[in-house]
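To keep things clear, I will list the structure first and then write my remarks on it.
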Amino acid sequence: MSIFVEFPEQLLVACREELEGFKRRVMILTLDQLYEEGKISSGVAAEILGCSRLEFYRLIGERGFAAIDYTEAEFEEEAKTSRELAEKLRER
(Lines give C-alpha, C1' and ligand atoms only; values in the text may rest on other atoms or scores of the structure.)
Protein backbone atom coordinates (compact mmCIF):
# COMPACT_ATOMS: atom_id res chain seq x y z
CA MET A 1 0.00 0.00 0.00
CA SER A 2 1.20 3.50 -0.76
CA ILE A 3 -0.06 6.82 0.51
CA PHE A 4 0.01 9.87 -1.72
CA VAL A 5 0.09 13.44 -0.49
CA GLU A 6 -0.28 16.36 -2.86
CA PHE A 7 1.78 19.53 -2.58
CA PRO A 8 1.28 22.50 -4.88
CA GLU A 9 3.98 22.85 -7.54
CA GLN A 10 4.65 26.38 -6.35
CA LEU A 11 6.14 24.83 -3.20
CA LEU A 12 8.90 23.23 -5.29
CA VAL A 13 9.51 26.56 -7.00
CA ALA A 14 9.61 28.40 -3.67
CA CYS A 15 12.02 25.82 -2.22
CA ARG A 16 14.11 25.80 -5.41
CA GLU A 17 14.13 22.05 -5.23
CA GLU A 18 13.77 19.22 -7.72
CA LEU A 19 10.85 16.83 -7.24
CA GLU A 20 12.91 13.79 -6.18
CA GLY A 21 14.93 15.77 -3.65
CA PHE A 22 11.75 17.26 -2.22
CA LYS A 23 10.11 13.83 -1.93
CA ARG A 24 13.12 12.47 -0.06
CA ARG A 25 13.23 15.47 2.27
CA VAL A 26 9.54 15.13 3.11
CA MET A 27 10.01 11.40 3.73
CA ILE A 28 13.00 12.00 6.03
CA LEU A 29 11.14 14.70 7.98
CA THR A 30 8.11 12.44 8.35
CA LEU A 31 10.15 9.45 9.49
CA ASP A 32 12.15 11.67 11.84
CA GLN A 33 8.96 12.92 13.48
CA LEU A 34 7.48 9.43 13.81
CA TYR A 35 10.76 8.15 15.27
CA GLU A 36 10.93 11.02 17.78
CA GLU A 37 7.35 10.26 18.84
CA GLY A 38 8.30 6.61 19.38
CA LYS A 39 5.84 5.40 16.74
CA ILE A 40 8.46 3.66 14.59
CA SER A 41 11.92 2.24 15.21
CA SER A 42 15.11 3.45 13.60
CA GLY A 43 15.27 0.12 11.79
CA VAL A 44 11.86 0.66 10.18
CA ALA A 45 12.79 4.21 9.20
CA ALA A 46 16.10 3.08 7.70
CA GLU A 47 14.41 0.27 5.79
CA ILE A 48 11.86 2.68 4.29
CA LEU A 49 14.64 5.08 3.26
CA GLY A 50 16.78 2.25 1.92
CA CYS A 51 19.75 3.10 4.13
CA SER A 52 21.48 1.82 7.27
CA ARG A 53 20.38 2.76 10.76
CA LEU A 54 23.63 4.69 11.15
CA GLU A 55 22.79 6.72 8.04
CA PHE A 56 19.28 7.37 9.38
CA TYR A 57 20.80 8.63 12.65
CA ARG A 58 23.10 10.89 10.63
CA LEU A 59 20.19 12.27 8.62
CA ILE A 60 18.09 13.10 11.66
CA GLY A 61 21.16 14.44 13.44
CA GLU A 62 21.49 17.02 10.67
CA ARG A 63 18.07 18.27 11.73
CA GLY A 64 19.07 18.62 15.38
CA PHE A 65 17.68 15.38 16.79
CA ALA A 66 20.01 13.46 19.10
CA ALA A 67 19.55 9.76 18.35
CA ILE A 68 21.41 8.92 21.53
CA ASP A 69 19.96 10.95 24.36
CA TYR A 70 21.85 9.89 27.50
CA THR A 71 21.49 11.40 30.92
CA GLU A 72 24.77 12.63 32.40
CA ALA A 73 25.04 9.47 34.55
CA GLU A 74 24.37 7.20 31.56
CA PHE A 75 26.96 9.06 29.52
CA GLU A 76 29.56 8.68 32.27
CA GLU A 77 28.79 4.96 32.61
CA GLU A 78 29.12 4.50 28.84
CA ALA A 79 32.44 6.37 28.82
CA LYS A 80 33.73 4.26 31.74
CA THR A 81 32.74 1.03 29.97
CA SER A 82 34.40 2.21 26.76
CA ARG A 83 37.64 3.03 28.60
CA GLU A 84 37.64 -0.37 30.32
CA LEU A 85 37.08 -2.16 27.01
CA ALA A 86 39.84 -0.17 25.32
CA GLU A 87 42.23 -1.07 28.16
CA LYS A 88 41.42 -4.79 27.81
CA LEU A 89 42.05 -4.61 24.07
CA ARG A 90 45.43 -2.93 24.62
CA GLU A 91 46.44 -5.70 27.04
CA ARG A 92 46.08 -8.35 24.32
For Ile28 and Phe56, run side-chain contact (heavy atoms from CB on, under 4.5 Å): C-alpha distance rounded to whole Å, both residues' side-chain angles, the deciding distance at 0.1 Å, then the answer. CA-CA 8 Å; Ile28 292 168; Phe56 175 68; 5.7 Å; no

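- Within a 6.0 Å radius of CD in Glu84, other residues, nucleotides and ligands contribute more than 12 heavy atoms.
- For the atom pair Leu49 CG and Leu59 CG, the distance stands at 6.5 Å (nearest 0.5 Å).
- Residues forming a side chain to side chain contact (heavy atoms under 4.5 Å, CB included) with Leu12 (at least two apart in sequence, or on another chain): Leu19, Phe22.
- With a 4.5 Å cut-off on side-chain heavy atoms, Arg25 and Cys15 count as touching.
- Counting heavy-atom neighbours within 6.0 Å of Glu37 CD, excluding the residue itself, gives a total above 12.
- No more than 12 heavy atoms of other residues, nucleotides or ligands shown are found within 6.0 angstrom of CD on Glu47.
- Here the OG atom belonging to Ser41 is positioned 11.0 Å from the CG atom belonging to Leu34, to the nearest 0.5 angstrom.
- Salt bridge present: Lys23 and Glu20 bring a charged side-chain N and a carboxylate O closer than 4.0 Å.
- The hydrophobic clustering, which links ILVMFWY residues whose side-chain heavy atoms are closer than 4.5 Å, places Val26 and Val5 together.
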Glu87/Glu91 under side-chain contact (heavy atoms from CB on, under 4.5 Å): CA gap, chis, key distance, verdict: CA-CA 6 Å; Glu87 185 61 37; Glu91 292 172 359; 3.8 Å; yes

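- Between Asp32 and Glu36, the closest side-chain pair of non-hydrogen atoms falls below 4.5 Å.
- The heavy-atom pair separating Tyr35 from Ser42 by the smallest distance is CE1-N, 3.4 Å.
- Side-chain heavy atoms closer than 4.5 Å link hydrophobic residues (I, L, V, M, F, W, Y) into clusters, and following such links, possibly through other members, connects Tyr57 to Met27.
- Remark: Leu85 CG to Lys88 NZ distance equals 7.5 Å, nearest 0.5 Å.
- Pairing each heavy atom of Ala45 with each of Leu31, the nearest pair is O-CD1, 3.7 Å.
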